[in-house]
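Bear in mind that the values here come from a model prediction, so they are computed numbers and not experimental data. Both counts, for ligands and for their atoms, begin at 1 and track the order of listing. Each residue takes its place number in the sequence, starting with 1.
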Amino acid sequence: MVPINELVRGFKLYQDEYEKKVIDVLRSGWYVLGKEVENFEKEFADALGENVYAAGVDNGLDAIMLGLMAAGIKEGDEVIVQANGYIATMLGVMQCGATPIFVEPDEYYQLDVNNIEKAMTDKTKAVLVTHLYGQATRMEPIVDFCNKHNLMLFEDCAQSHFADYKGTNTGLFGVAGFYSFYPTKNLGGFGDGGGVASKDEELIKKVKTLRNYGSDRRYHNIEVGFNARLDELQAGILRVKLSHMEELLANRAHIANRYIAEINNPLVRLPETAEGCRHTWYQFVVRVDNQDGFIEFLKGKDVGTDIAWKVPPYLQPCMEYLGYKRGDFPITENICDTIVNLPMMDYMDDAEITKVIEAVNAYKG
Ligand SMILES: *Cc1c(COP(=O)(O)O)cnc(C)c1O
């Protein structure tokens, strides 16, 4: 069986380093907001670019919520998101009291700048781009649009660590970038974790205040804050993983490049990468007319698959109050009805990759 993902492989790649780090942290006697978190924040920010600051938080959803709050997004505001995006992105907006406004994506699954204007109202304060599946969005037109219309720009980079658009890492195009370090993510720990990155040092300070009871120094609380801290163990683990990021991304690129070069089934549409947009292959998503049939067929060939995700966020029960209905976003609904994820993870050997390719090519509809 080739699984859709198997997290222990990522652990085994650098097992000795992870185990040493965990023991070091346990023996250090310091477990929350210490030097591992501080060093991780610095190393992560430096890896993203020059003059970048970062705050570690407890997960990706809180990174979105705290980052938006720190930038001033509040009740009554509207934030533009792509209709095929992930539910956690919208939850982050909603936790601030703001309302997500959905727009259809482009052919690369990314936010389509051409759809923003007609969705805007006088309450629209921001655009929140998600670089879905690991591919950077074409940012230039979106940056221009936001500047022209005086909108704040945010990026959900939970799937796109180190994906760049024309040489600039995702997360650095607007006010802030939001990251998840959930175990499946390209930079994932062995538990929950998240981060906010920005070129605005004050904004990052504010996130650090919000994550720690709203306190800017000990026993001094200036905000109604949260407990949303990243712990020392996860930060230490993430430092190890970050140091191997290039190799990990190369492993994923090797898998994706072989899929693209060798899958040649006319019934299976391969993912395309827009010019100037690095794809870091968080997920390898193909399109087929008969989603269930294709998944059944691959299961019979011992190949794992997934659908990420079958129900678009605006049709989830928790969003009923927004009044959307099936049929509102036909491009997104067609995506949800035809996408299938093929196995993609930190490491696959060539025999496994071949097995997936042969199974996909054998599919006859
Ligand atoms: C994973 C993910 C999140 C949420 O991250 P958590 O750490 O699980 O809270 C948010 N947005 C996107 C696009 C994601 O893929």
Practice task
Inspect the surroundings of CD in E50 and state if more than 12 heavy atoms from other residues, nucleotides or ligands are less than 6.0 Å away.
Solution key: no
May I have a table of the N/O to N/O pairs between ligand 1 and the protein that fall below 3.5 Å, each row giving the two atom names and the distance to 0.1 Å?
from: ligand 1; atom 1: 5 (O); to: S180; atom 2: OG; distance (Å): 3.2
from: ligand 1; atom 1: 7 (O); to: G60; atom 2: N; distance (Å): 2.7
from: ligand 1; atom 1: 7 (O); to: S180; atom 2: OG; distance (Å): 2.7
from: ligand 1; atom 1: 9 (O); to: G60; atom 2: N; distance (Å): 3.2
from: ligand 1; atom 1: 9 (O); to: L61; atom 2: N; distance (Å): 2.9
from: ligand 1; atom 1: 11 (N); to: D156; atom 2: OD1; distance (Å): 3.4
from: ligand 1; atom 1: 11 (N); to: D156; atom 2: OD2; distance (Å): 2.7
from: ligand 1; atom 1: 15 (O); to: Q159; atom 2: NE2; distance (Å): 2.9
from: ligand 1; atom 1: 15 (O); to: K185; atom 2: NZ; distance (Å): 2.6

Exercise for the section: Output yes when a side-chain donor or acceptor of N265 lies under 3.5 Å from a complementary backbone atom of L267, and no otherwise. Expected result: yes
Handout entry: Residues which pass side-chain hydrogen bond (donor to acceptor under 3.5 Å, both in side chains) with Q291, listed by chain and number, not counting sequence neighbours
Key = K310
Practice task
Keeping to residues at least two apart or across chains, list the salt bridge (Lys or Arg N to Asp or Glu O under 4.0 Å) pairs with something in residues 55-71.
Solution key: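 Non-adjacent pairs meeting salt bridge (Lys or Arg N to Asp or Glu O under 4.0 Å): zero.
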Exercise for the section: Please report the C-alpha distance between R252 and Y347 in whole Å, then the side-chain angles of each, then the deciding distance to 0.1 Å, and finally whether the side chain to side chain donor-acceptor pair (under 3.5 Å) criterion is met. Expected result: CA-CA 7 Å; R252 283 176 186 268; Y347 178 79; over 6 Å; no
Completion exercise
K12 meets the salt bridge (charged side-chain N to carboxylate O under 4.0 Å, His left out) criterion, sequence neighbours left out, with none
